[in-house]
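Below you'll find the structure, written out as structure tokens, and then a few comments.
Predicted model, so just to flag it, every value in this text is computed and none were measured. Proteins come first, then strands; the chains are lettered A, B, ... in the order of their sequence lines, and each starts at number 1. Computation of the quantities below employed the complete heavy-atom set of this structure, encompassing side-chain atoms and omitting hydrogens, waters and symmetry-equivalent molecules.
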Amino acid sequence: MSPERLALWIPLLPLLAAALPLLEKAFGPSRREGGPAGDLAALVGSAGPLAVLVLLYPEIAGGGIVRFTLGDWNPGIGILYRLDGPAWFASALTSVVCLCSGLYARARGGYSSTFWFLFLLCIWSLQSALLAADFFHLFVCLELMALTSYILIAYKRGSAALFASFDYLTVSTAAILFYLFGLHLVYGATGTLSVEECARILGSAGPRDRTYAALGTALMAGGLGVRTAFLPFHGWLPEAHASAPHPVSALLSGAMIKVSFFAQWRILALVEVPGLREGFLWLGAAGAFVGAVFALCQSDAKRLLAWHSVSQVGYVLAAFGSGSPAGLLAAGLHAAAHGFFKSLLFLTVGGAADAAGTRDVYRLGGAFRDIPGAALGFLAGALSIAALPPFNGAVTKDLVLYAVGGGPPGFLLLATSAGTAASFSKLGILLFSPPGPGPAPAQVPAGELRRIRSAVRRGALPLAALCLGTGLAAPVLLPAAAGLLAPGYAGTFAFTLPAAGKSLGITAVGFVLALGVLSPRGRTLAHRLERLGDGSGVALTLALMGIALLAVLGGWTGREALG
Amino acid sequence: MIPRLLCGAILLVGLGGLVWNRNLIKKVAALSVMNSAVILLFVLGGSETGIRAPILTGSNLPVVDPLPQALMLTAIVVGVAVTALALVLAVRLYERFGTLDSRELEERIRDEP
């Protein structure tokens, strides 16, 4: 089979698999749980693309690009796909996260055929968004991704989840309209929707067209930004990721917010708008810091993790904004590392929250007592996100800091590292402390506990192994990843004693900070800050301001291109 | 230029409605208004080359650019799906709390155990 034909199966497998649970729902016996067809479909839909990617690796590794259209249409009018190094990397990451969340959900139970149908549609939209090489197809994939995620977030029909889903819907729909508006400008300036064609035409376009295209690209960056949820587009994320079912939180945090980032990467790699990169560097660093501060103040365990997603995406974005090959490599690798450890954390902390019957961190003491696997997984995740060697976070965060370099952004990121360590010290101290005084939480039935244990074993522990394994194998994996993500990068990596000492020092600072936050006075302050800036109006207003900011940055550089 | 500015005005009206309305149903309506503004803009952009139906009859009369119209068909479908889902969420919330006011909903959800 030719590589083009083979690559088509990456989006096709999840789509075809999605039909199975639907058929099962329509014709099978009615039941609360998805049946065997759903299991098979989930396995094929998430692991299938991974197998195809492995087969395609030799094509891509040497800097090759596989281009194809759906149904062999003429590239002028067909739907264009493009599998390049970053797309391969992101697609593999997405498959792994989807597979682990799927395994967790299956073992945990309580998810019907409808859920599996939506889950697979969501994987399909993620995979095809990663391969889409025309602006409009990307829009369709983004909207499909959003539609499935709204439903998946509200799947358990909790009030908070319903409202969070609505909130996310309003913000992201408003933003995607600006994406469409940007698409209109780009199409007006270049007369094409293909990203590659657009770049080629802009190469010889007049200043007026270039300005419009730059402005259009900036507006599209705003629409994508809401999905990636970096500052100031992050307002919807904490509540949505916190109130979603645990496997869905893992999928959203681990894969979905990365997919829009990699889409942004593909656009900017071809249509360069220098002002945007500069903006990403600053927004990323500021977002990392703000996210860590708010995370430190949270009293809901999953909201804490969700704020860390905002913070970690900030790291990724700042590295990407630095623009150097090292920055690109750092951005891609940190996105992947975050995908692994954040979904791991969501799954393990989610399991603990289920076992304790609450998400309140101050009442989670002893939650790990009956699920030792989750304790192990949580430790791996927390050490990864706090960047302690030999876990993967240590490697990637080091690279990010190296790529961003000194100056205010570098300093902000360093401060964020201490904040991250503090907030996970806090979570760790509370989770591993004995149950506090006060009324004992309702006993979880033994059958339920068994399900949580097996879900953690199947879904979370492989991720924990990946966090440790990719960290240990970093010296070997790094050159391969550099070949995919940043062909210009020639550096190597080795764990060094000074770097380890630095991580330990930062973690020690964080630990002291955590003790401060846990003191009575720290708790009062944290409680006061916890919900600051909540509310649907705020999320929307911030996102609109962000779009305006990016538009000004893009338009400004376009104007400079004029002179 | 004036038709484009009018499209922009419709977009802003929708945006204003989205930001300042607290009623969930009105928010959904505002989203629809915004969506329509962008669709109008695309259709307007497509009509720059001509306003005849793009049926190839061999004559060289200027025809409308069919691509934006085709895109907007898809965008309308997506918009309908999003609107329907938003209304479902709003109805679910109304059934549970008996109100559509976003601020009140937010407060009551936060106070839930």
Side-chain angles (χ1 to χ4, degrees), chain A residues 76-77 134-137 139-144 146-151 153-154 157-185 187-188 191-193 239 243 358 360 531 534-541 543-544 547, chain B residues 4 7-8 11 14-15 18-22 24 27-28 30-39 41-42 44-46 48-49 65-68 70-72 74-75 77-79 81-97 102-103 105-110 112-113:
Chain A
I77 42 177
D134 74 74
F135 291 117
F136 194 76
H137 187 53
F139 159 78
V140 175
C141 295
L142 285 172
E143 277 302 83
L144 204 83
L147 272 169
T148 47
S149 66
Y150 305 144
I151 310 178
I153 288 169
R157 309 215 176 110
S159 311
L162 283 170
F163 193 74
S165 176
F166 186 88
D167 209 16
Y168 176 24
L169 186 149
T170 47
V171 179
S172 94
T173 308
I176 208 72
L177 289 173
F178 284 95
Y179 177 95
L180 266 186
F181 183 48
L183 190 152
H184 176 72
L185 291 178
Y187 179 71
T192 179
L193 292 171
E239 196 51 45
S243 57
T358 175
D360 184 348
R531 293 277 178 168
D534 253 26
S536 43
V538 181
L540 185 64
T541 317
L544 291 175
I547 292 173
Chain B
R4 274 164 207 275
C7 285
L11 187 76
L15 204 57
L18 192 61
V19 174
W20 284 303
N21 263 317
R22 278 160 52 180
L24 297 192
K27 274 179 190 283
V28 179
L31 275 179
S32 284
V33 170
M34 283 177 75
N35 203 11
S36 310
V38 174
I39 289 166
L41 196 67
F42 266 84
L44 199 65
E48 265 177 3
T49 53
D65 180 0
L67 190 69
L71 298 185
M72 285 310 105
T74 315
V77 172
V78 170
V82 171
T83 308
L85 184 63
L87 289 176
V88 167
L89 293 173
V91 168
R92 289 260 175 211
L93 285 167
Y94 182 77
E95 280 172 355
R96 202 163 298 173
F97 295 100
S102 63
R103 198 169 300 171
L105 278 169
E106 223 165 311
E107 275 161 18
R108 288 178 58 179
I109 288 171
R110 196 177 301 174
E112 263 191 350

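- Looking only at heavy-atom pairs under 4.5 Å with chain A, the residue among Val19(B), Val88(B), Leu24(B) that has the most is Leu24(B).
- The parts of Ala75(B) that come within reach of chain A are both its backbone and its side chain, each placing non-hydrogen atoms under 4.5 angstrom from that chain.
- In this structure, CD on Glu239(A) lies 8.0 Å from CD1 on Ile109(B), to the nearest 0.5 angstrom.
- The candidate from Leu193(A), Val140(A), Asp360(A) with the greatest count of non-hydrogen atom pairs under 4.5 Å with chain B is Leu193(A).
- For the options Val28(B), Ile39(B), Asp65(B), heavy-atom pairs under 4.5 Å to chain A are most numerous at Asp65(B).
- The CD1 atom of Ile151(A) lies 5.0 Å from the CG atom of Leu85(B); values are rounded to the nearest 0.5 Å.
- Taking CG from Leu540(A) and CG from Leu18(B), the interatomic distance works out to 5.0 Å, rounded to the nearest 0.5 Å.
- For the pair Ile176(A) and Val82(B), the minimum side-chain heavy-atom distance is 4.5 Å or more.
- When all heavy atoms of Ser165(A) and Leu89(B) are compared, the closest pair comes out as OG-CD1, 3.4 Å.
- Within the 4.5 Å cutoff, side-chain heavy atoms of Leu11(B) are placed close to those of Phe178(A).
- The two atoms that bring Ser159(A) and Leu93(B) nearest to each other are O-CD2, 4.0 Å, heavy atoms only.
- Within a 6.0 Å sphere centred on CZ of Arg4(B), heavy atoms belonging to other residues, nucleotides or ligands number more than 12.
- Ala174(A) touches chain B through backbone and side chain together, each having a heavy atom under 4.5 Å away.
- His184(A) and Leu41(B) get closest at one heavy-atom pair: CE1-O, 3.4 Å.
- Atom OG1 of Thr170(A) sits about 12.0 Å away from atom CG of Asn21(B), to the nearest 0.5 Å.
- Taking CG of Leu162(A) as the start and CD of Glu95(B) as the end, the distance is 10.0 Å to the nearest 0.5 Å.
- With chain B as the partner, the residue from Phe166(A), Phe139(A), Tyr150(A) showing the most heavy-atom pairs under 4.5 Å is Phe166(A).
- Here the CG atom belonging to Leu180(A) is positioned 8.5 Å from the CG atom belonging to Leu71(B), to the nearest 0.5 angstrom.
- Scanning both residues, Arg157(A) and Arg96(B), for their nearest heavy atoms gives O-NH1, 2.7 Å.
- Only the side chain of Phe136(A) comes within contact range of chain B, with heavy atoms under 4.5 Å apart.
- Around the CZ atom of Arg108(B), the shell of radius 6.0 Å holds more than 12 heavy atoms that belong to other residues, nucleotides or ligands.
- Using a 4.5 Å cut-off between heavy atoms, Ile77(A) makes no contact with chain B at all.
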